[in-house]
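First up is the structure itself, then whatever we jot down about it.
Because the structure is a prediction, the values reported are computed rather than measured.
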Amino acid sequence: MNAIISIFKKELKSIFYSPIAYVIGAVILGLAGYFFSVNLFVSRIADLTGVFMNLGVVLIFAVPALTMKLLAGEEQAGTMEFLLTSPISVFQLIIGKYLASLVFFLFITAFTLIYPGILFALSAPDSGIIIVSYIGFLLLVASYISVGLLCSSLTTSQVVASISSFGVLLLLWVSSWLSSNTSGILSSFIKTLSMSEHYMDFLRGIIDTSHLVYFVSIILVSLTLSAINISRRTCS
């Protein structure tokens, strides 16, 4: 546990010292404010569905920009070997870096809590839907980060890690659209893989066990594969 905390603190400090983290945060919050304003003052819709749906797409671009350096950056800088020869395991390294990235995005998400406050001050929105929407959004962010970490573990190039994670996340998001061009079991399978399909129910205020299993599975599988990739690379 001490090793995980040590990696977590080091990585979190590195993130907050990085200019790109502030750019990512500013872009996310700026777009979130825009989406919220459009929904409230133009569309006259007193909920956060549109905000979270659009942010789900924005993060497909934003998350890879942060996660690309988590492991590929260590390889490029030549510090990976040093980390792995210290008294920590590969899995502790993965978990520490993952949690640091997750906390950074939770920190950004905390600023959006002003929006429910505004809604409650102006109207009477459904608090249950808002709470469930936040749960779904946090699960989506956690899944995005795990996929980004996995892609970062597959290469020594930060650019390749960023592009590949963007491609995987985009494919997972739009796979429901692809299912409309197929039928039968294949269509159902492709639709099941879609992050947007599982995410949308949360935005409707619906918590389904299958959706929870989906996101948790994405996270666990991605983190496990990341650890395996790093272990194989160090043994070769």
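Under the 30°/60° scheme for interplanar angles, the aromatic rings of Phe61 and Phe166 are found to be tilted. Between Phe36 and Tyr115, the ring planes are parallel. Angles under 30° get that label, and only those over 60° would be called perpendicular.
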Would Ile28 and Phe111 count as a side chain to side chain contact (heavy atoms under 4.5 Å, CB included) if you check the C-alpha gap in whole Å, the side-chain angles of each, and the deciding distance to 0.1 Å?
CA-CA 10 Å; Ile28 292 174; Phe111 286 97; over 6 Å; no
Show the numbers, then the answer: is there a side chain to side chain contact (heavy atoms under 4.5 Å, CB included) between Thr109 and Leu138?
CA-CA 9 Å; Thr109 303; Leu138 295 180; 4.1 Å; yes
Begin from the C-alpha positions of Met53 and Phe35 and carry the test side chain to side chain contact (heavy atoms under 4.5 Å, CB included) through to its verdict.
CA-CA 10 Å; Met53 191 63 190; Phe35 299 142; over 6 Å; no
Side chain to side chain contact (heavy atoms under 4.5 Å, CB included) evaluation trace for Leu140 with Met195:
CA-CA 8 Å; Leu140 185 73; Met195 279 194 176; 4.0 Å; yes
Using ring pair (Phe, Tyr, Trp, His ring centres under 6.0 Å), reason through Phe202 and Phe52 one step at a time and then give a plain yes or no.
CA-CA 10 Å; Phe202 284 99; Phe52 283 124; over 10 Å; no
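No donor-acceptor pair under 3.5 Å is formed between the side chain of Ser6 and the backbone N or O of Asn2. Under a 3.5 Å cut-off, the side chain of Ser152 and the backbone N or O of Leu71 do form a donor-acceptor pair.
Looking at heavy atoms from C-beta onward, Ser101 lies out of side-chain contact with Leu149 at the 4.5 angstrom threshold. Under the 4.5 Å side-chain criterion, counting only non-hydrogen atoms from C-beta, Asp47 is not in contact with Ile129. Using a 4.5 Å heavy-atom cutoff, the side chains of Ile145 and Phe104 are not in contact. Within the 4.5 Å cutoff, the side chain of Phe215 has heavy atoms near those of the Tyr199 side chain. Using a 4.5 Å heavy-atom threshold, the side chains of Leu212 and Ile207 count as touching. The side-chain heavy atoms of Val63 and Ser165, taken from C-beta on, include no pair separated by under 4.5 Å. Contact check for Ser133 versus Leu48: no side-chain heavy atoms found under the 4.5 Å cut-off. Side-chain contact between Leu59 and Phe137 is present, with heavy atoms from C-beta onward closer than 4.5 Å.
Atom CZ of Phe120 is surrounded by more than 12 heavy atoms from other residues, nucleotides or ligands within 6.0 Å.
Residues Phe107 and Phe16 bring their aromatic ring centres within 6.0 Å.
For the residue pair Ser194 / Ser196, a side-chain donor-acceptor distance below 3.5 Å is found, with atom types taken as modelled. Side-chain atoms of Thr112 and Tyr134 form a donor-acceptor pair, as typed in the model, at a separation below 3.5 Å.
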